[in-house]
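The structure appears below as structure tokens.
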2 protein chains.
Amino acid sequence: MAKKRASITDLARQLQLSTSTVSRALSGHPAISEATARRVTALAKELGYRPNSLAAGLRKGRSNLLGVVVPHIDGNFFSQVVKGIEAAASQAGYHVLICQSNEDLAHERENLETLMSAQVAGILVSLSRTSNEFRHFEKVRKRDIPLVFFDRVLVGHDVNAVVLDDRAGGYRATRHLLEQGYRRIAHFSGPQYLNIYKHRRQGYEDALREYGLPVEEDLIVFGHMDMPDGHAGMRQLLALPHPPDAVFSGSDFSAAGALEVLAERGLRVPEDMGLVGFSNEVFGRLTLPRLTSVDQHCELMGRTATRLLLELLEEREPASAPRHVVLQPELLIRASSLRTGRAGAG
Amino acid sequence: MAKKRASITDLARQLQLSTSTVSRALSGHPAISEATARRVTALAKELGYRPNSLAAGLRKGRSNLLGVVVPHIDGNFFSQVVKGIEAAASQAGYHVLICQSNEDLAHERENLETLMSAQVAGILVSLSRTSNEFRHFEKVRKRDIPLVFFDRVLVGHDVNAVVLDDRAGGYRATRHLLEQGYRRIAHFSGPQYLNIYKHRRQGYEDALREYGLPVEEDLIVFGHMDMPDGHAGMRQLLALPHPPDAVFSGSDFSAAGALEVLAERGLRVPEDMGLVGFSNEVFGRLTLPRLTSVDQHCELMGRTATRLLLELLEEREPASAPRHVVLQPELLIRASSLRTGRAGAG
DNA sequence: TCCCGTCGTGCAAACGTTTGCACAACCCCG
DNA sequence: CGGGGTTGTGCAAACGTTTGCACGACGGGA
């Protein structure tokens, strides 16, 4: 049965106007008399007119779509960021086109191609873990499609980006442990070619130095930051001749793994061992004890990146200097790092 | 600098062919000679030609976009389903347009409108929790846009749908508790106009009846299935003159809430109280004890729903009978429901 | 009265693709 | 050698919108 949608031509015919006038009236063009504008919008509403964005996009050379490339969309962090992106975009009348690179450079390249053939107005990207080059983004630049990176950025390239101040996150987490009286603080870190892990470690070291404490290589454990890594890391630390009295983990998952090992060994948290994670995963409120963690404001990151992209779209200046936004993380103090009675002590 | 993309017209000019021939060659039309087809594809590759999907969509009356409406995209379940949807869609050359209804009927209505104005080829929907009517979907039907529901569907409406066998999930969960020797089993349930909660409850009741046990109204608590609801529900149950010895919760979140209350009161799980959740959230492996739950195969559900939608798109038959796919859930038994020594007992 | 500026509207082209129809060339068979 | 079928290609319209330009009407100043 498929009833045809009302088009701008239908409105024009019924109102004895030209399509140009109707088009202008609907887009609020100043040269249209108020009376005409009212007539047009009234009929448009009556007929339930919806603009055909394909036609508009074709004519204008770009759609009202924003492309998003993420390593994967499940998982706490990216799904929340995407939530923020979608919210900000739809508020501005844009749609969001999602692609997953599956942490794979070749996929990422293909994603960009298909987004460009969909004529997206702009693109948001968080790099795949294997993306160590930048060539595939040159084509995007050539076409003057605004591009904003978030969270994961390729080091050494000056691009529009919204990132977290991971250094500050690591610093505050570690400093909090120090303020709670812990003095031998270990750290779980990830691949150092990812800026996020590198910066978290730098924050950790800065805090130690500020307290005049040495950075001991034995106390820094590198891994992939999942639960099994947390198990292994904790066992390794406990086997040291002089084990730590606290751990700042660059991920909640490895922190949870550590927690399990500690429970196994009958060590109490936070009394015998302080523990701080990173990312504020949902389960952090469900562990026993609850896990102190660093919140990344994922949704805000999505919103912010989108707003930045929309600004770039408005400007249409060919090549302004790349803009950076750095979001501040937030330390959420829960039981796993709170030595009661010692709180606030130097 | 914005280099222009090569269009079909450019190819035609360079090859001294008409645009029609080029178009047909690229889409594998049988009436094109093999020689011509080769020439065209060769040049297309050389120039890096990418079809302009906006133009194609405009001409064909529909785009290569699939619309998706979900209550929200963060959280374990929906982000995984969307992952499956995106994977299946992009494999078939489609893009995915994501909308969030924020569990709100008005939003959902608006989402559908904007998807239709984006000329999506088909739509995938999981209903918002407040969607207790169906009117807004009539317009989609009128336009002959294929529509597939997943997970949450409105009871009493015969539509294309991919759902979980929630009844079986509820049945198996409850039966497992019975097999573990629990005899007074309570249940947390949600809004009964949503199939998922209704069916989980039915499975629960079926299992009780099979064991010759009564279904007691006092033992069924209705709510929104979040953590605070789990707190309240558990307190309510413990206040009963004759409290239950186990709870089958229709959601992991309320199960987690219940767990907290039990810990507060010093009640042991699974010894004093058995606990089973639903959805296999990530945190279920991190609670103490680990939470027995029902896995929904979220990603598979996304893939399946998308495949069904793509089939409907291929057929283009105006109104075939609505198709249903029912996926089987999987009970994942963990410590929260395992009374050691009693395992397997009648 | 004439000229010029302003205001509101219309004309028509353009965006890149698909597709029904027509047509030219060729082959085969009678 | 002519008629009919097949094969490969081109013409042109159409999808719904936007937008540069032109045009007519009207008003005010000279």
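Naming: A, B, ... by sequence-line order, numbering from 1 per chain.
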note: R39(B), atom CZ; dG8(D), atom C1'; distance rounded to Å ~ 13 Å
Can we say E103(B) and R152(B) salt-bridge, meaning some charged N sits less than 4.0 Å from an Asp/Glu carboxylate O?
-> yes
Could you grab the distance from atom CD1 of I73(A) to atom CD1 of I73(B), nearest 0.5 Å is fine?
-> 3.5 Å
Does a side-chain N-to-carboxylate-O contact under 4.0 Å join E311(B) and R307(B)?
-> no
Helix axis bend for the helix from dT1(C)-dA30(D) to dG30(C)-dC1(D) - C1'-based end axes, five pairs, 10° rounding | 60°
Across the strands shown, which category fits Q16(A) at heavy-atom distances under 4.0 angstrom: base, sugar-phosphate, nothing?
-> sugar-phosphate
Value rounded to 0.5 Å, distance of OG in S128(A) from CZ in R109(A) = 10.0 Å
Quick one: on DNA chain D, does P30(B) or L54(A) contact a more 5' nucleotide (nearest heavy atom)?
-> P30(B)
Base, sugar-phosphate, or nothing for Q119(A), non-hydrogen atoms under 4.0 angstrom?
-> nothing
Between dG8(D) and T36(B), is there an OP1 or OP2 to side-chain N/O distance shorter than 4.0 Å?
-> no
CD (E34(A)) with more than 12 external heavy atoms under 6.0 Å | no
Restricting to pairs with a member in residues 18-27 of chain B, which pass salt bridge (Lys or Arg N to Asp or Glu O under 4.0 Å), not counting sequence neighbours?
-> none
Should we say atom CD of E133(B) is surrounded by more than 12 heavy atoms from elsewhere, each under 6.0 Å from it?
-> yes
Has the side chain of T306(B) got a donor or acceptor atom that lies under 3.5 Å from a matching backbone atom of G302(B)?
-> yes
Under 3.5 Å, N/O pairs linking protein and nucleotides 17-21 of chain D:
unit_1  : atom_1 : unit_2 : atom_2 : d
dT17(D) : OP1    : Y49(A) : OH     : 2.6
dT17(D) : OP1    : N52(A) : N      : 3.3
dT17(D) : OP2    : I8(A)  : N      : 2.5
dT18(D) : OP2    : S23(A) : OG     : 2.6
dT18(D) : O2     : R59(A) : NH1    : 2.3
dT19(D) : O4'    : R59(A) : NH2    : 3.4
dG20(D) : O6     : R24(A) : NH2    : 3.4

Would you call the rings of F134(B) and H157(B) parallel, tilted or perpendicular if under 30° counts as parallel and over 60° as perpendicular?
-> parallel
Between P of dG10(C) and CG of L15(A), the distance in whole Å | 10 Å
Can you check the H29(A) NE2 to dG8(C) C1' distance for me, whole Å?
-> 11 Å
Which part of the nucleic acid, if any, lies within reach of L17(A) when heavy atoms closer than 4.0 Å are counted: base, sugar-phosphate only, or nothing?
-> sugar-phosphate
